[in-house]
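Single-structure report; data block below.
As the structure is a computational prediction, the values presented were derived from the model and not from experiment.
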Amino acid sequence: MKRSPILLGTTVLLGALAGAAFLPPAAAGSKPAVQLNVDRAVPRDVDDAVHQAIVRDYSAAWQSLSNALANNNTGTLHDNFIGFALDKLIQRVNDQQRAGLRTRLVDRGHKVEAIFYSLDGSAMELHDQATLETQILDGNTVIHSDRAAIQYYVVMTGAEDRWKVRVLETSKE
């Protein structure tokens with residue numbers, strides 16, 4: 001099947017979002033490993049319950065993102081993402097679905113540092129060094145594969161009974 005230059009550019013961009021160091025990948029269907037350091041969080045200290053909730057919910061968000069991209073189904077994104085991050089990810093899934101593609105993420109873990117925790121406890125800024133492998137598939141054929149360590153800037157906010165990802169942006173470095 002012939003691909004347009006825009007589609008090929010999108011394919012390369014999608015592939016460039018991933019990468020991997022040599023850490024063991026998360027098993028299919030399992031939550032990716034998240035190591036959270038809260039020592040530098042200001043202006044408020046992060047207590048153990050919040051620390052555990054952030055690790056649980058951030059890992060669940062990446063699992064949801066991986067499933068959405070692999071299955072071209074945005075349904076589970078609503079459980080873990082909100083606002084700008086949700087809108088952007090829904091658009092990404094819709095774009096790849098229209099192009100007849102899927103994305104397989106092999107998540108090799110996240111080293112996350114809490115930078116800011118709001119005084120009212122409603123928001124947290126995180127810096128994530130994610131190790132990912134991204135495979136772009138056309139049907140069952142891998143047409144692009146990439147491995148990289150990627151820096152993400154993340155804002156999580158309290159919503160309902162969990163923390164949700166409101167912003168998920170890659171570093172421009």
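Side-chain atoms of Arg102 do not come within 3.5 Å of backbone N or O of Asn140 as any donor-acceptor pair. In this structure, Thr131 contributes its side chain and Gly109 its backbone to a donor-acceptor pair below 3.5 Å. The main-chain N or O of Ala49 is found under 3.5 Å from a side-chain atom of Asp47 such that the two form a donor-acceptor pair.
Using a 30° and 60° split on the angle between ring planes, Trp163 and Tyr117 fall in the tilted class, from 30° to 60°.
Within 6.0 Å of the CG atom in Asp48, the count of heavy atoms belonging to other residues, nucleotides or ligands does not exceed 12. Around the CG atom of Asp45, the shell of radius 6.0 Å holds no more than 12 heavy atoms that belong to other residues, nucleotides or ligands.
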Show your working on ring-ring contact (aromatic ring centres under 6.0 Å, His included) between His127 and Tyr152 and close with a plain yes or no. CA-CA 6 Å; His127 293 178; Tyr152 287 96; over 10 Å; no

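Arg104 and Glu133 are not joined by a salt bridge, as no carboxylate oxygen comes within less than 4.0 angstrom of a charged side-chain nitrogen. Arg98 has a carboxylate O that lies under 4.0 Å from a charged side-chain N of Asp95, or vice versa, which qualifies the two as a salt bridge.
Considering only heavy atoms from C-beta on, Lys111 stays 4.5 Å or farther from Asp128 through its side chain. Taking 4.5 Å as the limit, some side-chain heavy atom of His110 sits within range of a side-chain heavy atom of Trp62. The shortest side-chain heavy-atom distance between Asn80 and Lys164 does not fall under the 4.5 Å cut-off. Within the 4.5 Å cutoff, side-chain heavy atoms of Leu36 are placed close to those of Val38. Residues Val154 and Glu169 have side chains not in contact (no heavy-atom distance under 4.5 Å, counting atoms from C-beta outward). The shortest side-chain heavy-atom distance between Lys31 and Arg56 falls under the 4.5 Å cut-off.
Placement of Val167 and Leu89 in two distinct hydrophobic clusters is found when ILVMFWY residues are connected by side-chain heavy-atom separations under 4.5 Å, directly or transitively. Val155 and Tyr153 are not part of a single hydrophobic cluster, where members link through side-chain heavy atoms under 4.5 Å apart. Linking ILVMFWY residues whenever their side-chain heavy atoms come closer than 4.5 Å, directly or via other members, leaves Ile115 and Val46 in distinct clusters.
Side-chain contact of Thr103 with Gln96: a donor-acceptor pair under 3.5 Å is present, judged by distance alone.
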